[in-house]
Amino acid sequence: MKKLMLGNEAVARGLYEAGCSFVSSYPGTPSTEITEAVARYREVYAEWAPNEKVAMESAFGACVAGRRSFCGMKHVGLNVAADPLFTISYTGVNAGMIIGVADDAGMHSSQNEQDSRHYARAAKLPMLEPSDSAEAILFVKRAYEISEEFDTPVLLKMCTRVSHSQSLVEESERVCAEKTYEKNPQKYIMMPGNAKRRHPIVEERTRKLVAFAETDCINKLTEGTDHSIGFITSSTSYQYVREVFGDRYPVLKLGMIWPMPEEKIRALAAKVEKLYVVEELDGFIEEHVRNLGIEVCGKELFGNIGEFSQNYIAEKMGVKVPQGIALQEEIPQRPPVMCAGCPHRGLFYTLAKNKITVFGDIGCYTLGAVPPLCALDTTICMGASISGIHGFVKSQEGAADGKTVAVIGDSTFMHSGMTGLVNIAYNASNATVIILDNSITGMTGHQQNPTTGMNLKGDPAAKVDLEALCRACGIARVRVVDPYDLAQTEAAVREELAVAEPSVIISRRPCALLKTVKHPGPIQVNADKCRSCKACMKIGCPAISMKDGKAVIDNTLCTGCGVCTQLCKFGAL
């Protein structure tokens, strides 16, 4: 049966059909829906792990046990999992193992634009890269075959456009794929003596994979009718090239992006007058082609910043986009903003009001950086707020005391904040950490985490007690505040900053968008009492605006959180 399916849903379907039994991931846009979709198949065990490193190590354990496994993450999550990645390249697998990574060209929801293909080359692992949903299913199945044939984990690289676009797929039945576990210390215990023997095996595997890349149909050449130019491309860039040029020119589409073929590329270069490489972000394919001694045009024309489009490719190639393909209208910009009723708003208002230096982290609360709050000073990566404030306070001992806090979400704290907090306690930083506990993993679309009391499938699960955990890390001063109560929140922040020892404030209020949260209803405006002071505008709530000099509440957005009413000194709200 044929049906439309998102790229991420197609990956999940491929996992199901290929007999995958174990999935462990950490949510991260644009990869999140793979794991959410695969959790609907009862034959597949699926979970959210506390972070990507744990997910990868868990998936490796499952593959050693003889079950096909998968772990999923976004591109920056692969950084977190890099430690096991490079070593399981040496050990190889028992049953097949796929590592899904989704890049975010254009940084739609990410803090950098790194190119995950470099990890494949550095870790000496094969990487497949589908260009649509149909290929997503096919490549997942092929990845497991490659994994088991060549004794290697396989990287499956998605990107925002392929992950979140729909195309036609054809579903098939699930196959059974299980192996037995056999004890093999020389293969799986990576102490130096064993690792030295495994390294030559990895190099030989790469040579065999290069030969495989020459003959397997996963790398596909479309001959074309006009050989004046030719293209080498992959993933969504392939779709753009085809949409602009159709079948006119020869196109080598690389489904296996590492290792790449050599003879296939030489053969294409020999038959065309000029060769182009079209690829998003870094010149990864281009570098490989140049290393073969082949003249090619790539990044000097297309650049290595941002996401491509049909219009962009056509413009750079000096041609007109075919009718019906080009996007003619300008899409209006929508600046990011915390939702109406967001529990983080009251806290950030308090921090900005008191002119406190704030080390931020990754999550919804990063939006505290935008006007009018402008409450953050840094945001680097998951967990960096807590580690960063330690270095900041220690290096300015005395000068920074009482003026600096770190903010981090409950899910991010479980991901990589705990070790930073242990460091603060162990090395006695005079630092205040604020955990923004909104009872969910918010930014990626409401996934459960170890603090929520439910697992991926919504079943009851062990719930981490944040207060007890912080005390167990060595923090004596731990308190909870309601960020909707501005007076209580400000008092807590001032008191903890005044104390010369480490402390934790837990700002606890569930996300306003959770279905289980009941709201009192929108705030009403008494226009006669409004003095046009705009104090209510200082919190940056999208439900509040000014019209004809008076405050106006959008009843379709307002949740009735009441934070704005605490700012109005005239009783107008």
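Because the structure is predicted, anything quoted here is derived from the model rather than measured.
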Could you walk me through whether V405 and V433 pass the side chain to side chain contact (heavy atoms under 4.5 Å, CB included) test, one step at a time?
CA-CA 6 Å; V405 302; V433 173; over 6 Å; no

Within [range] or reaching into it, pairs that qualify as salt bridge (charged side-chain N to carboxylate O under 4.0 Å, His left out) - sequence neighbours excluded:
range	answer
residues 24-34	none
residues 547-560	none
residues 478-495	K353-E490, R479-E495, R479-E496, D482-R509, E490-R494
residues 433-457	D437-R508

Contacts of [X] that satisfy side chain to side chain contact (heavy atoms under 4.5 Å, CB included) - sequence neighbours left out:
X	value
V422	C473
M418	F413, M414, L469
S21	R67, R174

Not counting sequence neighbours, list each pair that qualifies as a side chain to side chain donor-acceptor pair (under 3.5 Å) and has a residue in residues 69-84.
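For residues 69-84, and leaving out neighbouring residues, the side chain to side chain donor-acceptor pair (under 3.5 Å) pairs sorted by first residue read K74-S110, H75-N112, N79-Q114, N79-Y119.
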
Side chain to side chain donor-acceptor pair (under 3.5 Å) contacts touching residues 557-573 (sequence neighbours left out)
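Side chain to side chain donor-acceptor pair (under 3.5 Å) check on residues 557-573 returns no pairs.
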
[X] (side chain) donor-acceptor with [Y] (main chain) under 3.5 angstrom:
X	Y	result
S31	P27	no
S309	Y312	yes
R531	D528	yes
E57	P84	no
N304	L281	no
N354	I356	no
S167	S133	yes
E243	Y240	no
N430	E501	yes
D459	N455	no

Measure the [atom1]-[atom2] distance between [X] and [Y] for me, rounded to the nearest 0.5 Å.
X	Y	atom1	atom2	value
S234	R117	OG	CZ	5.5 Å
C558	Q524	SG	CD	8.5 Å
I389	F359	CD1	CZ	7.0 Å
I386	S416	CD1	OG	8.5 Å
S165	D132	OG	CG	10.0 Å
I505	T432	CD1	OG1	6.0 Å

Holding to side-chain hydrogen bond (donor to acceptor under 3.5 Å, both in side chains), I want the full list of residues that pass it with T160, two or more places apart in sequence or in another chain.
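Partners of T160 by the side-chain hydrogen bond (donor to acceptor under 3.5 Å, both in side chains) criterion, ordered by chain and then number, come out as D104.
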
Please enumerate all residues that pass side-chain hydrogen bond (donor to acceptor under 3.5 Å, both in side chains) together with E36, with sequence neighbours excluded.
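Residues passing side-chain hydrogen bond (donor to acceptor under 3.5 Å, both in side chains) with E36: Q447.
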
If you measure only the distance, is there a donor-acceptor pair under 3.5 Å linking the side chains of N8 and S163?
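Side chains of N8 and S163: pair found under 3.5 Å.
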
Consider only side-chain N and O atoms of D103 and S116, and report whether a donor and an acceptor are under 3.5 Å apart.
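Distance-only check passes for D103 and S116.
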
Residue that, paired with S411, satisfies side chain to side chain donor-acceptor pair (under 3.5 Å) out of T452, T444, T451, T441
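Looking at T452, T444, T451, T441, the match for S411 under the side chain to side chain donor-acceptor pair (under 3.5 Å) is T441.
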
When you look at E47 and S24, which way does the side-chain hydrogen bond (donor to acceptor under 3.5 Å, both in side chains) test go after all the steps?
CA-CA 5 Å; E47 67 179 23; S24 184; 2.7 Å; yes

Is any side-chain heavy atom of [X] closer than 4.5 Å to a side-chain heavy atom of [Y]?
X	Y	result
N438	P510	no
V407	L351	yes
K403	L497	no
C470	I435	yes
L155	K157	no
R161	H108	yes
V140	L128	no
L486	V563	yes

If you compare all heavy atoms of [X] against all heavy atoms of [Y], which two are closest, and at what distance to 0.1 Å?
X	Y	value
I523	N555	O-OD1, 4.3 Å
D361	G383	OD1-N, 2.8 Å
G417	I408	CA-CD1, 3.9 Å
H519	A512	NE2-O, 2.8 Å
C339	R345	O-NH1, 2.9 Å
L373	G368	CB-O, 3.8 Å

CA sep, side-chain torsions, deciding dist, call: V80, M382, side chain to side chain contact (heavy atoms under 4.5 Å, CB included):
CA-CA 9 Å; V80 179; M382 302 280 273; 5.7 Å; no

Answer yes when E17 and R13 have at least one side-chain N-carboxylate O distance shorter than 4.0 Å, and no when they do not.
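The answer is yes: the pair qualifies as a salt bridge.
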
Just checking L168: does its CG atom have more than 12 heavy atoms from other residues, nucleotides or ligands closer to it than 6.0 angstrom?
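Yes.
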
Pairwise ring pair (Phe, Tyr, Trp, His ring centres under 6.0 Å) hits with a residue in residues 332-358, at least two apart:
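Those involving residues 332-358 are H344-Y365.
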
Could you go step by step and tell me if F22 and Y45 meet the ring pair (Phe, Tyr, Trp, His ring centres under 6.0 Å) rule?
CA-CA 5 Å; F22 182 95; Y45 172 81; 5.4 Å; yes

For S172 and K141: C-alpha separation, side-chain torsions, deciding distance, then whether side chain to side chain contact (heavy atoms under 4.5 Å, CB included) applies.
CA-CA 11 Å; S172 304; K141 296 178 179 179; 3.8 Å; yes

